[in-house]
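Chain A is the first sequence line, chain B the second, and so forth, proteins listed ahead of strands; every chain is numbered from 1. Side-chain atoms are counted along with the backbone in the values below, which use heavy atoms only and exclude waters and symmetry mates. Computed from a predicted model, the values in this text were never measured in an experiment.
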There are 2 protein chains.
Amino acid sequence: MALKHTILAFLSRQPLSGYDVAKEFAEGFGSCFWKASQQQVYAELTKLEQQGSVTYEAIPQPGRLDKKIYSITGQGQQELLDWLTKPCEPTAIREDLGVMGLAGHLVPSSVVIREIERRRQLHLDMVQQVKKLDQHFAQNLDALELKDLYMHLIIRRGIRYQEEWVTWCDEALAAIAQAVNR
Amino acid sequence: MALKHTILAFLSRQPLSGYDVAKEFAEGFGSCFWKASQQQVYAELTKLEQQGSVTYEAIPQPGRLDKKIYSITGQGQQELLDWLTKPCEPTAIREDLGVMGLAGHLVPSSVVIREIERRRQLHLDMVQQVKKLDQHFAQNLDALELKDLYMHLIIRRGIRYQEEWVTWCDEALAAIAQAVNR
DNA sequence: TCGTTGTATTCAAAAATTTGAATACAAAAA
DNA sequence: TTTTTGTATTCAAATTTTTGAATACAACGA
């Protein structure tokens, strides 16, 4: 389970509130690599706190519930470290669009084409979004410390992934158009 | 949920036993796009059968449980068709290795390097494996009917995905080596 | 002949993820 | 000024996925 470890990893970089962690999953690093809902994040933070992997400092907020700023503990850091040291397995793409490859012939080709065109645009937008994440790290690459270099490299993987989808959409659209006009 | 629809899609191509479907997920198309365990497949097939989306013909086998050959029904085909017609959203990569980007600096760079080298080999193996799936379809591309063209295209996506990981591993290893020797 | 691999199905429990809410106030935009 | 967006947390339920078994026989190789 990487949700737990992804949260620990976020907190190993800086203390964050649950809201901030959820935002990381929705908009930042997580948007490309690992999505988690607010509820999942809050539930996991509560569990991690009970287990002693994280602690929080409650910031009183006038007239509403305290804001909790979570930090990783020594124990949490050790857990993360142990996990990082163990080999991890690649995961399947788990992409709904794949089903089109199996059964696309059941729907009119126009439906397939429309869907691929839609996806092309979505991935194009994602390229821009993920590139923004990289802006901070992509500057003077030669002087980057390891911490930032790792971040840069993995973000590059995300960018490439999205770019590859755009390329694939173009190729697929061309191939389908050719086959249909035959 | 694409498990249901992936199973329906398999069965839309040909009738299969639960064992065969599970094999598709483990070794065939699914190995790259959507993994599901045997138990998941059998449970889902039972549910689909109860709902009338699939039927099975029981093949008696001397001395053991019947073998069930499942086929998609008209209703199942309609469900699949409806699902394919609806737009689908891209999914996050959901890759454990991503956590390295966030917190790789907590472990010695040798650990990161070893892990990336290991992953490189795994993806290299996957490239070969997925290319095998394509063999049947990659022949005389210009005469491929749509059904097979779609399959070919989506398998190409899987090949590229694995190849991209290999390329990324190479780039990452080079960049890390350079940073460490600085 | 003995172990391994492959065919074939089923049960049960635990863990993870998704979905749908509700609450509450501040700040910015319409 | 009214609505929308953003900050911030929590509860509950349903669904999905993972993990760990158990059963049974056939075929193949050592």
Side-chain angles (χ1 to χ4, degrees), chain A residues 1-8 15-28 30 33-51 54 56-70 83 88-96 99, chain B residues 1-8 10 15-28 30-31 33-51 54 56-70 83 88-96 99:
Chain A
M1 194 258 272
L3 175 65
K4 175 179 165 180
H5 299 101
T6 308
I7 292 177
L8 288 176
L16 296 168
S17 71
Y19 184 79
D20 293 329
V21 172
K23 211 159 68 172
E24 280 293 331
F25 277 108
E27 295 167 24
F33 279 95
W34 196 283
K35 291 216 174 172
S37 63
Q38 275 188 337
Q39 298 93 314
Q40 242 182 308
V41 169
Y42 281 106
E44 196 65 39
L45 280 171
T46 304
K47 222 195 306 175
L48 286 171
E49 197 268 327
Q50 281 162 6
Q51 291 168 354
V54 304
Y56 65 85
E57 191 198 348
I59 311 281
Q61 302 201 109
R64 53 171 140 164
L65 290 171
D66 290 355
K67 175 173 170 173
K68 295 175 185 169
I69 302 292
Y70 287 90
W83 187 79
C88 65
E89 295 312 308
T91 49
I93 300 182
R94 243 144 198 290
E95 175 59 68
D96 284 358
V99 181
Chain B
M1 195 258 272
L3 175 65
K4 175 179 166 180
H5 299 101
T6 307
I7 292 177
L8 288 177
F10 284 142
L16 295 167
S17 69
Y19 184 80
D20 293 330
V21 172
K23 212 160 67 171
E24 279 294 333
F25 277 108
E27 295 166 23
S31 71
F33 279 95
W34 196 283
K35 290 217 175 173
S37 63
Q38 275 188 338
Q39 298 93 314
Q40 241 183 309
V41 169
Y42 281 107
E44 196 64 40
L45 280 171
T46 304
K47 221 195 307 177
L48 286 171
E49 197 268 327
Q50 280 162 6
Q51 292 168 354
V54 304
Y56 65 86
E57 191 198 349
I59 312 282
Q61 302 203 107
R64 52 171 141 163
L65 291 170
D66 290 356
K67 175 173 171 173
K68 296 176 184 170
I69 302 292
Y70 287 90
W83 187 78
C88 66
E89 294 312 307
T91 50
I93 300 183
R94 243 148 198 289
E95 174 60 68
D96 286 357
V99 181

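- Between C:dT7 and B:K23, a contact under 4.0 Å exists linking OP1 or OP2 to a side-chain N or O.
- In this structure, A:H5 and A:W83 have parallel ring planes: the angle between them is below the 30° cut-off, well short of the 60° mark.
- Of the residues near DNA chain C, B:D20 and B:R94, the one whose nearest nucleotide (by heavy atom distance) lies more toward the 5' end is B:D20.
- When each of C:dA8, C:dT18, D:dT9 is scored by its nearest atom to the side-chain atoms of A:Q38, the top-ranked nucleotide is D:dT9.
- Atom CD1 of B:I59 is separated from atom C1' of C:dA8 by 13 Å (rounded to the nearest Å).
- A 6.0 Å sphere centred on CD of A:E57 holds no more than 12 heavy atoms belonging to other residues, nucleotides or ligands.
- Going from atom CD of A:E89 over to atom P of D:dT19 covers 11 Å, rounded to whole Å.
- Nearest nucleotide to the A:S37 side chain, out of C:dT18, C:dT9, C:dA12: C:dT18.
- Listed nucleotides D:dT10, C:dT9, D:dT18 differ in distance to A:K68; the shortest reach to its side chain belongs to D:dT10.
- For the pair A:E44 CD and D:dT9 C1', the interatomic distance rounds to 16 Å; values are reported in whole Å.
- If you take NE2 of B:H5 and P of D:dT16, they are 10 Å apart, rounded to a whole angstrom.
- The side-chain heavy atoms of B:Y19 and B:V41, taken from C-beta on, include no pair separated by under 4.5 Å.
- Atom P of nucleotide C:dC11 and atom CD of B:Q40 are separated by 17 Å, given to the nearest angstrom.
- Here C:dA16 presents its P atom at 8 Å from NZ of A:K4, a figure rounded to the nearest Å.
- Contact check for A:V21 versus A:Y42: no side-chain heavy atoms found under the 4.5 Å cut-off.
- Separating the OH atom of B:Y42 from the C1' atom of D:dA21 is a distance of 15 Å, rounded to the nearest angstrom.
- When the nucleotides D:dT16, D:dT17, D:dG6 are ranked by their closest atom to the side chain of A:Y19, D:dG6 comes out on top.
- Nucleotide C:dT18 holds its P atom 10 Å from the NZ atom of A:K35, rounded to whole Å.
- Here D:dA12 is the nucleotide among D:dA12, D:dA8, D:dG20 with the atom lying nearest to any side-chain atom of A:Q39.
- In this structure, B:L3 and B:F25 have side chains that are in contact, with non-hydrogen atoms separated by less than 4.5 Å.
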